[in-house]
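Below, chain A is the first sequence line, B the second, and so on; all start at residue 1.
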Amino acid sequence: MGKYDFRSIEKKWQQQWKVNRTFVAEKLSDKPKYYVLDMFPYPSGAGLHVGHPLGYIATDIVTRFKRLKGFNVLHPMGFDAFGLPAEQYAIKTGIHPAEITAQNIKRYLEQMENLGFHYDPDALLATSYPNYYKWTQWIFVKLFDHWYDKNLEKARPISELKDIFATQGNTRLVAATSQKSSFSADQWRSFSPKDQADILMNYRLAYLANATVNWCPALGTVLANEEVKDGKSERGGYPVERRLMKQWMLRITAYSDRLLDSLQQLDWSESMKAMQTHWIGRSEGASIVYQVDGVKDTIEVFTTRPDTLFGNTFMVLAPEHPLVEKITSDDQRNAVEEYVKWAKNRQEVDRIANTVKTGVFTGGFVLHPLTGDKLPIWIADYVVITYGTGAIMAVPAHDERDYEFAQKFDIPIVEVISGGDISQEAYLSKDGKMVRSDFLNGLKAYEAIPAIIQKLEEMGIGKKEVTYRQRDVIWSRQRYWGEPTPIYYKDGIAYSMEENELPLVLPDIDEYKPSETGEPPLSRATHWKTRPDGGEYDLNTMPGLAGSSWYFFRYPDAANDQQLVNPEIEKYWLPVDLYVGGTEHAVGHLIYSRFWTKFLYDLGCVSVQEPFKRLVNQGMIQGVSQLMYRHISTNEYVSADLIPENETDQYSLIHTDVNITRNQVMDIEAYRTWTKDTTAKFRLNEKGEFRTIPMVEKMSKSLYNTVNPDDICVQYGADTMRLYEMFLGPIEIAKPWNTDGITGVHTFLKRTWNLFYGENDEWLVTEENPTAEELKILHKTIKKVEEGIERLAFNTCVPAYMVFVKEIARLGCHKRAVLEPFLQILSPFAPHFCEELWQNLGHKASILHSISPDWEEKYITEEEIEYPVQINGKVRVRVAVAADAPVEEIEKTTLANEVVQQWLNGNAPKKIIVVPGRIVNIVV
RNA sequence: GCGGAUGUGGCGAAAUUGGUAGACGCGCCAGACUUAGGAUCUGGAGCCGCAAGGCGUGGGGGUUCGAGUCCCUUCAUCCGCACCA
């Protein structure tokens, strides 16, 4: 066996694990289960990203550890395979996206295996497989066939809604809906089938609607808000414009309250919960209806501060508000039209950067609902059409934005809450007293809120209202590489497909671009798009979010072709015990997954309301660039330590390749080879080194700071790589990818190997019984590592291993009884290494199948209760000491600690519990 | 502006409920072995100081016998959202 030959060891065990199907979980079992999940990757052509392994190593460690502790562990892997890059590659090359995707998946799996990750092959899935997306489509059909009952807080079948309409109309119904008008049962029965279908559409959880969408001309598709960053598409960075289009939407807003409420119980980071809370953006206030002066239209506003109603001096509409045209007076018409046009074309980026108030008077007026005063109606783009009603009651005295606007356009500012100085700024506090407010006068502002709402409700011109920032999500994409929408049209009415017709398989087409007339790519599938029964298929596909919103339910029972998941299996495995992935999915994937889970729960299809009990966000991996100083005039490269601080301005900083530097020392020959620049001049320091300057930046090829995980595996092995990545620091923290310290970890493995094999490869392990000291070292290590893994502080485990090896080596201990348990506890981190030695110790079965003894019980606490114990010349009390403990024993303690001093002076507490070096608890 | 997080040696970082701050690793210094070494082994070190000693967890204040840890305040950095009525 000889020296630690990681290359052959790792290859061998990776092969063994695969052949023996070591990682297959039992679908059902009496054993306790543990479900570990990584956010599945998009299989991109670039291969596994360097950021991926961090999370995957962590979950692999937990998997192996839990298995060792006797759990039935499911740790599956899959691929979020639909998406834009494969499609764009297909447009360029004509190669089918499925083919590219299959290649990339294969490559990913190979890379994963090289790091020692193995996943249940039976659970492997990809969102683009028809037997998977059959169920994505199935869920969509269910969403289409359900509406949301706000009284029961539950989704119900559309068939029940039809019954309700036929017997009582919609007047008493409390539902999540975009239906504005009401009708009686008689009216409902008199509607044409088409009219009925249009009304039902306003209740469906998946519905068609005209929506202002983010249209990306370059990609030829609409994008969800989450897919747009700073007015550009998240993928590709193309400009995005607002456009009104008929699109599929999902009524996620029906679930806003439930999504908000159950957030509290989750074991997620505060910032994650805060981001979701903010995204949902629930705010309570009132809606108030205003009569437009001179016409019979009304305008509804939403406000969180109805208490300030008497300070309302004007109204502002969003430029896109539907009533703008109607209320505009003739002499203002030109100005208004010009402003609307300007606001529409104003770039998103400009709006964000430039918050100076702009706007124009429409010439119209509303009547104040309580005083009857005529208030001017303005339009301004600081009011957005997508929030509330797209109209506000402006109260300049008590709102910063209204204040700024009123000042700029010289509109009266009327103080109705005293306590501030409205000549200087808006007064926002709710603690001031109401003034100039009729029946509210004298109340505190926060008391005035319920009072005025009650009044408005009595008058029938307003009511308590809750508004959300969250919008329904647009669920169609005019793309090819996605799930076809399982809907067809007949006589202008949309029908969902039956379960037995699914999956609606994505047809092959000869070109992946949108058609010449701007129709989605699926319009090219001429033989496909018309059904035998004459129905016409919807030509949209679903967004990437669709497949990733429920995949965690599929893994436990991935081959089931009868059900989305067998209920018994689902009940056993769900929820996911540990979910690991990046923060970037905070408001995208994670919120839609929670939404679909709640919907599937309403259907009775799954047993949980929350899919992910514990969520850990691994930090981003940054790059560490290496910079060289080059003299501005001579072009000589100078070692960084030779340049005095005050001369750095005579040099420019040039990026060099991080792979030819180590610990800020660059290999000059390698640089010359790399750049093919044989004439470059270098000035070295007195040790003959050329020093560089490190800088943390984004990891990027252009900065020459990318490091390929494969290279590290080749050089040091997967086990070293795994240990090192965990050693670097907490997984949640963003950290630079710096391989400088990796030798330390590698040396540790070599030293551990040397506990088993001597200098001349002789076997050192003995069968002697361990001493108390050796056992103490072992159990200290086990305890530290177990705690570290449980709280996912993997970085604390590696030092524990190192200390163990150091101390055991110092004792010259090579005893099986000490080394065997150590291998077990080390195996989650360095599995190949431990398997090999485990086998060499004479075990037939894999170390993964060895259930570890209940280590906890073997802690030798009994022996530790020697009291007092001498450490570093000081004497310390170790254990609980009764109040009546003999004084002479206590006097031996020389803790520099006043309590103990007092105690010795006779002021004895009833009970004092002391552990090495610290008093833990004093009960007086 | 709002929300969340983080500040500890030259660097990555430990310190689970307040109890010897800096474990462990990198780098650094010294030594050993080597033809050589970006190899291996042994030892050293928070900072200031020759020393005794003093100072030390972003800054200031507080609670406590005792604070990296708890409270108040302030500064800096990172992430998310951003005219949300």
Pairs: protein N or O with nucleotides 28-35 of chain B N or O, under 3.5 Å:
from  : atom 1 : to       : atom 2 : distance (Å)
B:C29 : OP1    : A:Lys687 : NZ     : 3.0

Could you check which of [options] has an atom nearest any side-chain atom of [X]?
| X | options | result |
| --- | --- | --- |
| A:Tyr387 | B:A14, B:A85, B:C83 | B:A85 |
| A:Asn795 | B:U40, B:A13, B:G38 | B:A13 |
| A:Thr304 | B:G4, B:A85, B:C24 | B:A85 |
| A:Asp740 | B:G4, B:G80, B:C26 | B:C26 |
| A:Tyr382 | B:A85, B:A13, B:C83 | B:C83 |
| A:Asp399 | B:A15, B:A85, B:G25 | B:A85 |
| A:Thr747 | B:C41, B:G4, B:U16 | B:C41 |
| A:Thr796 | B:A5, B:A14, B:C26 | B:A14 |

In the strands shown, is [N] matched to any nucleotide by a Watson-Crick or G-U wobble pair with both distances under 3.5 Å, and which?
| N | value |
| --- | --- |
| B:G56 | none |
| B:A14 | none |
| B:G1 | B:C81 |
| B:C28 | B:G44 |
| B:G7 | B:C75 |

Using side chain to side chain contact (heavy atoms under 4.5 Å, CB included) as the criterion, list what pairs up with A:Phe409, not counting sequence neighbours.
A:Trp378, A:Phe405, A:Ile411

I want to check one thing: is the phosphate of [N], taken as OP1 and OP2, less than 4.0 Å away from some side-chain N or O of [X]?
| X | N | result |
| --- | --- | --- |
| A:Lys784 | B:A15 | no |
| A:Arg469 | B:A85 | no |
| A:Arg662 | B:G27 | yes |

Within the structure shown, what part of the strands sits under 4.0 Å from [X] by heavy-atom distance: base, sugar-phosphate, or nothing?
| X | result |
| --- | --- |
| A:Glu270 | sugar-phosphate |
| A:Arg751 | sugar-phosphate |
| A:Ser283 | sugar-phosphate |

More than 12 foreign heavy atoms under 6.0 Å from NZ of A:Lys357: is that the case here?
yes

A:Asn754 meets the side chain to side chain donor-acceptor pair (under 3.5 Å) criterion, sequence neighbours left out, with none

Sequence neighbours left out, what passes ring-ring contact (aromatic ring centres under 6.0 Å, His included) with A:His585? Give chain and number order.
A:His589

Results of ring-ring contact (aromatic ring centres under 6.0 Å, His included) for A:Phe804 - residues two or more places apart only:
A:Phe822

Taking only the [atom1] atom of each, what is the distance from [N] to [M] in whole angstrom?
| N | M | atom1 | result |
| --- | --- | --- | --- |
| B:U63 | B:A30 | C1' | 47 Å |
| B:C29 | B:A36 | C1' | 22 Å |
| B:A67 | B:G3 | P | 32 Å |

Confirm from the modelled atom types if A:Lys357 and B:C83 form a donor-acceptor pair under 3.5 Å, side chain to base only.
yes

Just wondering, do A:Ile449 and A:Ile453 contact through their side chains at under 4.5 Å, heavy atoms?
yes

Heavy-atom check, side chain of A:Val798 versus side chain of A:Met802, under 4.5 Å:
yes

Which atoms of nucleotides 7-12 of chain B (N or O only) lie under 3.5 Å from a protein N or O atom, and what are those distances?
from  : atom 1 : to       : atom 2 : distance (Å)
B:G12 : O2'    : A:Leu728 : O      : 2.7

For the rings on A:Tyr716 and A:Tyr724, is their centre-to-centre separation under 6.0 Å?
no

N/O donor-acceptor pair under 3.5 Å between A:Arg7 side chain and A:Val714 backbone
yes

